[in-house]
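Before we start, here is the structure in question, set down as structure tokens.
Hydrogens, waters and symmetry mates are skipped; everything else that's a heavy atom, side chains included, is used.
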Amino acid sequence: MLLLLDLDNTLVDRDRAFSRWAEQFVGQHRGDEADLQWLLEADAHGYTHRAALADSLGDRHGLATSRDDLVQTLLLDHVPFVRCYDGVLDHLQNLRSTGHTLVIVTNGTVEQQTRKVELTGLDALTDRVVISQAIGVKKPAPEIFAAATDGFPADGMTWMIGDHAEADIAGGRAAGLHTGWVGHGRQWTHPELPTVRAPTTLEVLELIEGGERPPTSPNPATRR
């Protein structure tokens, strides 16, 4: 199989890393719990444009820091806190040892996402890393999935696994891929179901490997 894997909140716990950094940042600027909760909500799991968040953050705390410097802070200062979810590294190693091809497909800047991949050791366990900034297009655009699969044999199943309903699942489906949704306890609320879905990345991978249902089944496999 060819497995395309989202990075943030799929392989690594990006939200926990950002939260740990945010606690330090708010404390250093004499903020309170309300300031912390505002920052976590305004971040929107990393999907709020960093320049817009930098402007709002600077205004809230009355910072003299330039927008560009705040953007860099938001992009990079949480990276040292990034860790893979428990068991992910071992599971990926097992997948590669049994002949599966693993490709990370992630939105973000090259510097930010490369640091995460190298810091966690994912670079040694994957066959390719495709970063949106490097190719000039973001998920869910079909071009990023084409870049991820280019040159790999097309004679087996190809999957897109991720936590984001639009970027990963809708994008993967539109590109003709089977899809695995990492729900993190959320309910699926969209009309078209992913091929498989489960609360954690490891469970999604287990469903795919176990082949509980044929990938073309009208009743996709689910683990709650």
Between Leu92 and Ile208, is there a shared hydrophobic cluster once you connect ILVMFWY residues whose side-chain heavy atoms come closer than 4.5 Å? yes

When rounded to the nearest 0.5 Å, the distance separating CG of Asp43 from OG of Ser56 is 12.0 Å

State whether the side chain of Thr120 and the backbone N or O of Val117 hold a donor-acceptor pair below 3.5 Å, judged by distance alone. yes

Would you give the length of the straight line joining atom CG of Asp13 to atom CZ of Phe81, rounded to the nearest 0.5 angstrom? 13.0 Å

If hydrophobic clusters are built from ILVMFWY residues whose side chains come within less than 4.5 Å, do Leu5 and Phe152 share one? no

I need the minimum non-hydrogen distance between Pro140 and Gly171, along with the two atoms involved. CB-CA, 3.6 Å

Between the OG1 atom in Thr73 and the CG atom in Asp77, the distance rounded to the nearest 0.5 Å is 4.5 Å

What pairs with Tyr47 under ring-ring contact (aromatic ring centres under 6.0 Å, His included), at least two apart in sequence or on another chain? His164

Side chain to side chain contact (heavy atoms under 4.5 Å, CB included) partner of His91, the single match among Leu125, Leu202, Thr201: Leu202

Treating Arg83 as the side-chain partner and Val12 as the backbone partner, does any N or O pair qualify as donor plus acceptor under 3.5 Å? no

Pair Ile135, Ile144 - check side-chain contact (heavy atoms from CB on, under 4.5 Å), show working. CA-CA 7 Å; Ile135 64 170; Ile144 195 168; 3.5 Å; yes

Kindly indicate whether the side chain of Asp55, heavy atoms from C-beta on, has any atom under 4.5 Å from the side chain of Leu70. no

Between His61 (side chain only) and Leu63 (backbone N and O only), is there a donor and an acceptor less than 3.5 Å apart? no

Quick one: do Val204 and Arg197 satisfy side-chain contact (heavy atoms from CB on, under 4.5 Å)? Show the steps, please. CA-CA 6 Å; Val204 168; Arg197 53 194 167 114; 5.8 Å; no

Say whether, by atom type as modelled, one donor and one acceptor occur between the side chain of Gln112 and the main chain of Leu76 under 3.5 angstrom. no

Can you name the one residue among Lys116, His45, Arg14 that meets side-chain hydrogen bond (donor to acceptor under 3.5 Å, both in side chains) with Asp8? Lys116

Treating Ile, Leu, Val, Met, Phe, Trp and Tyr as nodes and any side-chain heavy-atom pair under 4.5 angstrom as an edge, say whether Leu75 and Val79 lie in one connected cluster. no

Could you go through the side-chain contact (heavy atoms from CB on, under 4.5 Å) check for Asp168 and Thr179 one step at a time? CA-CA 8 Å; Asp168 299 318; Thr179 55; over 6 Å; no

Anything under 30° is parallel, anything over 60° is perpendicular, the rest tilted; go ahead and classify His184 against Tyr85. tilted

Basic-acidic side-chain contact under 4.0 Å: Asp123, Arg128: no

Start with the C-alpha gap between Glu143 and Lys138, add the side-chain angles, then the distance that decides, and say whether side-chain contact (heavy atoms from CB on, under 4.5 Å) holds. CA-CA 8 Å; Glu143 291 86 355; Lys138 295 181 178 181; over 6 Å; no

Taking all atoms of both residues into account, what is the closest heavy-atom pair of Ala54 and Val71, and its distance? CB-CG2, 3.9 Å

Approximate separation, where rounding is to 0.5 Å, of Gln93 CD and Leu89 CG: 8.5 Å

Same cluster or not: are Leu40 and Trp21 linked, directly or through other Ile, Leu, Val, Met, Phe, Trp or Tyr residues, by side-chain heavy atoms under 4.5 angstrom apart? yes

Would you check if Leu4 and Ile161 make a side-chain contact, meaning some heavy-atom pair closer than 4.5 Å? no

Would you check if the side chain of Arg186 reaches a backbone N or O of Gly183 as a donor-acceptor pair within less than 3.5 Å? yes

Sub-3.5 Å donor-acceptor pair from the side chain of Asp6 to the main-chain atoms of Leu11, do we have one? no

Say whether Val130 and Met160 are linked into one hydrophobic cluster, either directly or through other cluster members, by side-chain heavy-atom distances under 4.5 angstrom. yes

Taking every non-hydrogen atom, the tightest pair across Gly162 and Thr10: CA-OG1, 3.4 Å

Spacing of NE2 belonging to His78 relative to CG belonging to Asp15, to within rounding of 0.5 Å: 9.0 Å

For residues Trp188 and Pro194, report the shortest heavy-atom separation together with the two atoms involved. CE2-CD, 3.6 Å

For a 4.5 angstrom cut-off between non-hydrogen side-chain atoms, does Leu177 reach Phe145? yes

side-chain hydrogen bond (donor to acceptor under 3.5 Å, both in side chains): which pairs involve residues 22-33, sequence neighbours left out? Glu33-Gln37

Between CG of Leu53 and CG of Leu39, what distance do you get to the nearest 0.5 Å? 6.0 Å

Say whether, by atom type as modelled, one donor and one acceptor occur between the side chain of Trp181 and the main chain of Asp163 under 3.5 angstrom. yes

What pair of heavy atoms forms the shortest contact from Pro199 to Glu203, and how long is it? CD-OE1, 3.4 Å

When every non-hydrogen atom of Ala198 is compared with those of Leu207, the smallest separation belongs to CB-CD1, 4.0 Å

Is any side-chain heavy atom of Leu74 less than 4.5 Å from a side-chain heavy atom of Phe25? no

Side-chain donor/acceptor of Thr48 to backbone N/O of Ala42, under 3.5 Å: yes

Atom CZ of residue position Arg96 - does it have more than 12 heavy atoms of other residues, nucleotides or ligands inside 6.0 Å? yes

With a cut-off of 3.5 Å and sequence neighbours excluded, list every side-chain donor-acceptor pair involving residues 98-108.
residue : atom : partner : partner atom : Å
Thr98   : OG1  : Asn94   : O            : 3.0
Thr98   : OG1  : Leu95   : O            : 3.0
His100  : ND1  : Met1    : N            : 3.1
Thr106  : OG1  : Gln113  : NE2          : 2.6
Asn107  : OD1  : Lys139  : N            : 2.8
Asn107  : ND2  : Lys139  : O            : 3.3

